[in-house]
Amino acid sequence: MFNYLSAQAHLLFDSITPCNLCDIGIKQHAGICQSCWQQLPWLKQQVERHQQQVFVACHYDYPINRIIQQFKYEQKLQHQRLLDALLLQLRLPKVHAIVPMPISTDRLVERGFNQTLLLAKALGKTLNVPVWQPIQRLAQHSQKGLSRLERLENIEHQFVAKASNKIRCRTVLILDDVMTTGSSIVALSQALEQLGCQKIYAACLAAGQVKDRPSSLDFADTMESPLR
């Protein structure tokens, strides 16, 4: 009943307010108009990083990059409605659980929330799949100045199994917000394999281009021009 009333409230609000991106069109898709929806930097395919196939909704380009940054660093949680919709455009495999990319305690205190956990809960609710968090992430150190191999080795040591974890899932989907080199996803996959996971898929909102760019560049931490 609550979900129905919430959906109806969204429809009513959309009918009297303009598109969240262009401020002109009529909202039709998760708060934005048909034109803005079609012009998003869609990818909707699998991208390979470190021999790991990752389902990706969009390129990490404007306006998606700025929307993710505002959601992640500026606590503009109203963007989650659109971000949830992006993930639903992917043809995801059937899994036993969704594993959100963990963040360290320091990052959690700094941001106040784990953005991928919010996305995972919404996706899991839609797909009727539980969220599973068997891995914790230790302190995250800067990757700047590290080579591709050094970056991967550095991240591998950040993921450790929780001592209290007793549940085991064989087929899981790792969920992240932005992928650049893919080293975090690979490191988390390796930690999950040690817990007995047999099939590990991955998906993210957006992927940045790493060809002809320094491997140490973190697209998620770059700031683009603001929306509007």
Quick check: does any side chain N or O of [X] sit under 3.5 Å from a backbone N or O of [Y], one acting as donor and the other as acceptor?
X: Q52; Y: E48; answer: no
X: N20; Y: G31; answer: yes
X: W42; Y: H59; answer: no
X: N65; Y: Y62; answer: yes
X: Q80; Y: L118; answer: yes

- Step by step, work out the side chain to side chain contact (heavy atoms under 4.5 Å, CB included) result for Q69 and E74. CA-CA 7 Å; Q69 290 161 8; E74 301 174 29; 5.5 Å; no
- Task: Determine whether more than 12 heavy atoms belonging to other residues, nucleotides or ligands lie under 6.0 Å from atom NZ of K44.
- Result: yes
- Item | Other residues, nucleotides, ligands: >12 heavy atoms within 6.0 Å of E110 CD | yes
Taking C-beta and beyond as the side chain, do [X] and [Y] meet within less than 4.5 Å on heavy atoms?
X: V54; Y: C204; result: yes
X: S184; Y: M101; result: yes
X: P63; Y: P41; result: yes

- Distance-only polar pair, side chains of S189 and E193, donor-acceptor under 3.5 Å: no
- Message: When you compare the side chains of N114 and T116, does any donor N or O come within less than 3.5 Å of an acceptor on the partner?
- Response: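 Side-chain D/A pair, N114 to T116: present.
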- In terms of the angle between their ring planes, are F71 and F113 parallel, tilted or perpendicular, with boundaries placed at 30° and 60°? perpendicular
- Tested for side-chain hydrogen bond (donor to acceptor under 3.5 Å, both in side chains) against H79, the lone hit among Q115, Q70, K72 is Q70
For residues 167-174, run the donor-acceptor check on the side chains, cut-off 3.5 Å, and write out each pair with its distance to 0.1 Å, sequence neighbours left out.
unit_1	atom_1	unit_2	atom_2	d
R168	NE	L195	O	3.1

